Amino acid sequence: MNTHASVVVIGGGVMGTSIAYHLAREGVRDVVLVERDELGSGSTSKAAGGVRAQFSDELNIQLGARSLEAFGRFEEDTGYDIGLHRVGYLFLLSTPEEVAGFEASVRLQNSLGVPSRMIDPAEARRLSPLITTDGLLAAAFSPDDGHCTPESVVHGYASAARQYGARILRHTDVTGIERHGDRITAVTTTIGRIATDTVICAAGAWSRAVGAMVGVDLPVVPLRRQVAVTEPVEGLPPDLPMTIDFTTSLYFHGEGPGLLLGMSDPDERPGFATDTHDRWIPRLAAAMERRAPALLDLRRTGGWAGLYELTPDHNALIGEATSVSRFLYATGFSGHGFLQGPAVGEVVRDLYLGRVPFVDVSPLSAGRFAADAPRPEANRV
């Protein structure tokens, strides 16, 4: 093993591979990515694959919109088909408070170039005919959003990063980060020591332990989320949008001839467990009965569990530590990391190079909690 790197990226999901790709493509030499398992085997491979710019936070809107552009040209840039379906995101709103919140979000999104709009319940049902409009007040829809295949994005970025000279070490655990004073000197792994002065943490739900290696608090908590896949649905519209009942968090989109669906589980407790269970099914069934009763007749044919990486305000941690030299991080995305991966790769590249990124991410610094300056995101699932 080459024992020197200009930068070591920890984590081989969408965030880590995007960062490695953007660094290597920019000409940064000796980029090394370290992944303890297979690429994308953590949260990325368990993601529902949604991509959107419909957020309430200006930074998230900009990161989402920039990533949508990158997903649109992904095959041209990397040679990988990611199965991008630009079918839109449809948020179903059932309370006056939800409607008012999304009206404000849509105004902000429109001011930033996102073509979202408020629609009435009848149009929402035309777009997503599996729903019922009982109790529905309005909906928010953006045609540029959609979904794609997370594993393909990871492997596309990884392949292109290798072509630009990056090295990727799979099945390699990071066991420590060495320092001399406040300066990083090396990353120790199960296959040897890598001398470096720069570390980028993109370890998702496992980031807190990485930050602790250099005394940096990354307040990330893992939380299990589950999804289910159904049997084929007769007459399923090919342009069915990602549909989200905002009140219950029930969501679904087309997955081959069937559906992929899920929702949050308020009874879930933080931890690294990723085994599946059926304790969430009664709540899922109740949400279906309320908003999409046609789903109740579908047989589940599969499903899986993965980890959200939650922060106290459900927003990302992006930046560079002030207490130790050249420790950067991109983590804590609280469910919207996959869809922001391309843009965040650009941002971290620029932070590493000392350039001004296309968007100011300083409000997403991990230090915002100590400074009592949280930045909450409202449009989350």
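Owing to the predicted nature of the structure, the values given are computational and were not obtained by experimental measurement.
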Task: R224 side chain vs A305 backbone, donor-acceptor pair below 3.5 Å - done: no

TODO: Using a strict 4.0 Å threshold on nitrogen-to-oxygen distance, state whether E178 and R193 make a salt bridge.
DONE: yes

Open item on the list: Between the side chains of R300 and D278, is the shortest nitrogen-to-carboxylate-oxygen separation below 4.0 Å, so that they form an ion pair?
Closed with: yes

TODO: Could you give me the CA-CA distance, side-chain angles and deciding distance for E151 and S45, then say whether side chain to side chain donor-acceptor pair (under 3.5 Å) is met?
DONE: CA-CA 6 Å; E151 296 92 333; S45 65; 5.1 Å; no

- [ ] Establish, for the pair R225 and W280, whether the NZ or CZ atom is under 6.0 angstrom from the six-membered ring centre and no further than 45 degrees off its axis.
- [x] no

Task: L127-V233 co-clustered via ILVMFWY side chain contacts under 4.5 Å - done: yes

- [ ] Could you tell me whether a side-chain N or O of T188 sits under 3.5 Å from a main-chain N or O of G176, the two making a donor and an acceptor?
- [x] yes

- [ ] Inspect the contact between R355 and E26 and indicate whether a charged nitrogen and a carboxylate oxygen are less than 4.0 angstrom apart.
- [x] yes

- [ ] Ignoring hydrogens and angles, tell me if any N or O in the side chain of E231 forms a donor-acceptor pair with the backbone of R299 under 3.5 Å.
- [x] yes

Open item on the list: Between D134 and R291, does any side-chain N to carboxylate O distance fall below 4.0 Å?
Closed with: no

Task: R52/D144 ion pair, N-O < 4.0 Å - done: no

- [ ] Using a strict cut-off of less than 4.0 Å between a Lys/Arg side-chain nitrogen and an Asp/Glu carboxylate oxygen, indicate whether R283 and D265 qualify as a salt bridge.
- [x] yes

Open item on the list: Would you say L364 ends up clustered with L108 if hydrophobic residues are merged whenever their side chains have heavy atoms under 4.5 Å apart, either directly or through other cluster members?
Closed with: yes

- [ ] Taking S142 for its side chain and Y89 for its backbone only, find out whether a donor-acceptor pair lies under 3.5 Å.
- [x] no

Task: Expected output: side-chain S56 to main-chain A378 donor-acceptor under 3.5 Å - done: yes

Task: F358 six-ring centre to R66 NZ/CZ under 6.0 Å and within 45° of normal - done: yes

Task: Pairs touching residues 77-87 that satisfy side chain to side chain donor-acceptor pair (under 3.5 Å), sequence neighbours left out - done: R73-D77

Task: Heavy-atom donor-acceptor pair, S152 side chain to P150 backbone, under 3.5 Å - done: no

TODO: Mark yes or no for whether E309, through its side chain, and G335, through its backbone, hold a donor-acceptor pair below 3.5 Å.
DONE: no

Task: R25/E346 salt bridge by N-O under 4.0 Å criterion - done: no

Task: Row check, Y164 ring normal vs R162 NZ/CZ: under 6.0 Å, within 45° - done: no

Task: Lys/Arg N to Asp/Glu carboxylate O, D30 vs R167, below 4.0 Å - done: no

Open item on the list: Main chain of G341, side chain of S18: is a donor-acceptor contact present, judged purely on distance under 3.5 Å?
Closed with: yes

